[in-house]
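First up is the structure itself, then whatever we jot down about it.
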Amino acid sequence: MIKKNVFATRWGIIAVGALIGVLAPLLQKMGNPGNMGICVACFERDIAGAIGFHQAKVVQYVRPEIIGFVLGSLVAAYLFKEFRPRLGSSPIVRFFLGVFAMIGALVFLGCPWRALLRLAGGDFNAILGIAGLIFGIWIGTLFLKKGYNLGRTHSANPVSGWMLPLMMGGLLVLVLIFPQIQGEAKNGVLNYSLKGPGSMHAPLIISILAGLAIGFLAQRSRFCTMGAFRDLILFRQIHLFSGLLALLVVAAVTNVILNQFKPGFEGQPVAHTLHIWNFIGMALSGLCFVLAGGCPGRQLFLSGEGDGDAAIFVLGMLVGAGFAHNFSLASSPKGLGTYAIPAVITGFVFCFLVAFMMTKKKA
Amino acid sequence: MAATVDARGLSCPQPVILTINEIKSGTDPEIIVLVDTETSQENVSRAAVSHGCTVSEVMQDNEGYRIIIKKEK
């Protein structure tokens, strides 16, 4: 008989959601940007900037949290004998789902985690983002019910499973070789923002430890914000949703305690008040996440346990961040990027193409 | 007789969808679900229980997991 995984229980997932809810506002207190204690999309975008995939000077920093997520999950997967290298479920499609997931997220300015953290910090614009996220996921569930899937994976050589963890380890080595120098925008191969969100960060060691802890526990509990809404819509199942709710409530309480709760629509950090675009941007992301089977955080944790297809989604997000800033698709507090609207339309066309083509008629 | 659902290599939420479809529309009192990750095993077991079935056995081998679900009469 199989050992019971305590973190896969209702209380397990609530505990993990609550832990993220405490750590994210604390990371913000220790230096991370406003309502961005943790944001998987923003932080991957910052990494893309740090290694020169885009030249947006204000968002360039190798975020140690992301490295920690993947490596923490890798450790948990090996410790509990769940490391299973696998590949082959439409990887190239997943890559572009990652690209457009990032573009949608950068129109809204955040991943689902940050949407929750923004709301927990009093940013009511996030309500539109979360509504859009749910709408996008709902569209995806219509296809899931009709038999949408990206095909089966097959097991692979362990080295395939190590690729993303190795890349993350490599980024950490680069950070140690070329650490940030006060007042310098570049050290060796890495870019470092001097101002803007990219310049705001908690100390390296704290970020990496928080990332490792979350990565470890999220691997055990299978925490996923997209799955939370998807399972609620599809199966009326509240398991993952209870973790999401714990994150939201605990983060809000922690923000109030830390005096970081500032309710309102206007003047929120790294946010804009274009309600329609907050909704549509996140709807595109939500659709991409559901078609790819996980929110950006979950894709990192899956990559850590050997899922090469999830790793390719992550690479797609990094490249998508490059597109988003090089082509002026990403929003800023001033508003939409110049070419955001055609990019979002392209994203929806792409998603529907994939969804229709990958939906099998039931036998 | 037992119906077999082969959900190996399928990612979330396919194993659960296939299992629930079999629970709802299948006629066999017993369903064997094959999955290859611990996550899918947990999800399928959880879904079976929430659909009023019992998980009578979970076996692990090199290929993954074999979950035996018994439907209520």
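Not measured: the values here are computed from a predicted model. By convention in this document, chain letters (A, B, ...) are assigned in the order of the sequence lines, proteins followed by strands, and residues within each chain are numbered from 1.
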(request) Decide yes or no on side chain to side chain contact (heavy atoms under 4.5 Å, CB included) for A:Met102 and A:Val319, but give the supporting numbers first. (result) CA-CA 9 Å; A:Met102 180 61 99; A:Val319 172; over 6 Å; no
(request) Select one option (side chain, backbone, both, neither) describing which atoms of A:Leu150 are under 4.5 Å from chain B's heavy atoms. (result) neither
(request) Check whether B:Thr39 gets within reach of chain A through its side chain, its backbone, both or neither, counting any heavy atom under 4.5 Å. (result) both
(message) At a 4.5 Å cut-off on heavy atoms, which part of B:Leu18 comes close to chain A: side chain, backbone, both, or neither?
(response) neither
(message) One thing to verify: whether B:Asp6 and A:Arg152 come together as a salt bridge, which I'm taking to mean a side-chain N less than 4.0 angstrom from a carboxylate O.
(response) yes
(message) Among B:Ser50, B:Gly64, B:Pro13, which residue has the highest count of heavy-atom pairs closer than 4.5 Å to chain A?
(response) B:Pro13
(request) Pick one of side chain, backbone, both or neither for A:Arg10, based on which atoms fall under 4.5 Å of a heavy atom in chain B. (result) neither
(message) Under 4.0 Å between a side-chain nitrogen and a carboxylate oxygen: does that hold for A:Arg86 and A:Asp309?
(response) no
(message) Which residue in the set B:Val58, B:Ile68, B:Ile69, B:Thr4 passes side chain to side chain contact (heavy atoms under 4.5 Å, CB included) when paired with B:Val33?
(response) B:Ile69
(request) Fit a plane to each ring of A:Trp113 and A:Phe223, take the angle between them on a 0 to 90° scale, and name the class: parallel (under 30°), tilted (30 to 60°) or perpendicular (over 60°). (result) perpendicular
(message) With a 4.5 angstrom heavy-atom cut-off, is it the side chain or the backbone of A:Arg230 that approaches chain B, or both, or neither?
(response) side chain
